[in-house]
Amino acid sequence: MFWNYLMNWMTNDVAIDLGTANTLVYVKGRGIVVDEPSVVAIEAETKKIIAVGKKAKEMLGKTPEEIRAIKPMKDGVIADFEITEAMLRDLILRSQQKKFLIRPRVIVAVPSGITEVEKRAVKESAEHSGARKVYLVSEPLAAAIGVNLPVHEPCGNMIIDIGGGTTEIAVISLSHIVDHISIRIGGDEMDEAIVDFLRKKHNLFIGESTAEKIKVKIGSAYPLKDELTMEVRGRDLVSGFPVSMKISSEEIREALSETISK
Ligand SMILES: Nc1ncnc2c1ncn2[C@@H]1O[C@H](COP(=O)(O)OP(=O)(O)OP(=O)(O)O)[C@@H](O)[C@H]1O
Ligand SMILES: [Mg+2]
């Protein structure tokens, strides 16, 4: 009892949603204390970390040769181990008010469809980032608990989670996943579809973060009552000059239709 009290006082156990687009850290008793894009900027030659999170995301597509902005997660799983570990270490440290006296226990949410090898990779990354013990929980179960579905009851609870890299659909009953599908398609692919569409249709080059802004502002799956337009700045691929162009929500719906129909 006393030992438990002491351990609780000395460490802050954390829960991590290690996402393709965003990583969140929750600390017991304090709530979500870190919510940052899963992006890391490093010095290309020395691999020294320059920025993690929002600052690094702002650099995406705008870095000089000496700096690289990296998204270490792809399709819901780790694509770059070293960088994921560095990112986790930084975010876990930021979440701790006092320097670790005892390293925290960490629970990480992972997509329901990941392989054993991928699970081990997440566990090892979290351990190397300073966790004392690592537990994994399936993302749909965590999401269902998060939105207060009665997961413990003997009834079917359906949850659909569209993320940056994966879309998960699961049915949960009696605290377990009864059935699930996890497809490796999400918001990132929509951004790529918008980049491709504008390049092919208008010879307009834009970066992924501009594509994400277009998607959020005027993107749709079905016709809108009042269709929208947006002024988009990019580079003309023929002249090489910066240009500004009015893009409509109809065009963006066309760009997104293939990804959405998957
Ligand atoms: N209002 C919005 N309209 C459309 N898409 C949005 C909106 N807000 C956020 N998104 C998209 O949602 C995605 C991020 O979702 P989320 O943070 O749940 O992903 P993630 O958990 O990091 O990814 P995953 O679970 O696949 O690993 C991004 O692609 C983002 O552009
Ligand atoms: Mg997610």
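Keep in mind the model is a prediction, meaning the values are calculated, not measured. Residues take their numbers from the sequence shown, with the count starting at 1. Order of appearance sets the numbers: ligands from 1, and atoms from 1 within every ligand.
For atom 7 (C) of ligand 1, the nearest protein heavy atom (residue, atom name, distance) is Val216 CG2, 3.7 Å. For atom 30 (C) of ligand 1, the closest non-hydrogen atom on the protein side is Glu212 OE2, 3.3 Å. Among all non-hydrogen protein atoms, the one lying nearest atom 19 (O) of ligand 1 is Gly164 N, 3.0 Å. In this structure, atom 18 (O) of ligand 1 lies nearest to the protein heavy atom Gly163 CA, 3.9 Å.
The nearest pair of heavy atoms linking Gly19 to Met73 is O-CG, 3.6 Å. The two residues Ser249 and Ser220 come nearest to each other via the heavy atoms O-OG, 4.4 Å. Smallest separation of non-hydrogen atoms from Ile218 and Thr229: CG2-O, 4.1 Å.
Taking only nitrogen or oxygen atoms, main chain and side chain alike, Asp191 does not reach within less than 3.5 Å of ligand 1. Looking at Asn22 next to ligand 1, an N or O pair under 3.5 Å apart turns up.
Residue Gly165 has at least one heavy-atom neighbour below 4.0 Å for each of these atoms of ligand 1: 23 (O), 24 (P), 26 (O). Annotation for ligand 1: atoms under 4.0 Å from non-hydrogen atoms of Thr166 are 24 (P), 25 (O), 26 (O). Below 4.0 Å from some heavy atom of Gly187 lie the following atoms of ligand 1, by number and element: 29 (O). The contact set between ligand 1 and Gly76, taken as ligand atoms under 4.0 Å from a residue heavy atom, comprises 27 (O). Ligand 1 places these atoms under 4.0 Å from at least one heavy atom of Gly19: 20 (P), 21 (O), 22 (O), 27 (O). Heavy-atom proximity to Ala21, at under 4.0 Å, picks out these atoms of ligand 1: 14 (C), 19 (O), 20 (P), 22 (O), 23 (O).
Under 4.0 angstrom from ligand 1, the non-hydrogen atoms of Lys215 all belong to its side chain.
Between the side chains of Ser112 and Ser138, no donor-acceptor pair is found at a separation under 3.5 Å. Using modelled atom types, one finds no donor on one side chain facing an acceptor on the other under 3.5 Å when comparing Glu85 with Ser129.
Under the 4.0 Å distance rule, the nearest protein heavy atom to atom 9 (C) of ligand 1 falls outside the cut-off. Protein heavy atoms are absent from the space less than 4.0 angstrom from atom 12 (O) of ligand 1.
A salt bridge is defined here as a Lys NZ or Arg NE, NH1 or NH2 lying under 4.0 Å from an Asp or Glu carboxylate O, and Lys55 with Glu58 fails to meet this definition.
Side-chain atoms of Thr20 come within 3.5 Å of backbone atoms of Gly76 as a donor-acceptor pair (strictly under, hydrogens ignored).
Connection of Ile145 to Leu136 is not established within any shared hydrophobic cluster, with ILVMFWY side chains joined at heavy-atom distances below 4.5 Å, either directly or through further cluster members. Linking Ile, Leu, Val, Met, Phe, Trp and Tyr whenever their side-chain heavy atoms come within less than 4.5 Å puts Val232 and Leu228 in one cluster. When hydrophobic clusters are built by joining Ile, Leu, Val, Met, Phe, Trp and Tyr residues whose side-chain heavy atoms come closer than 4.5 Å, directly or via intermediates, Leu149 is not grouped with Ile162.
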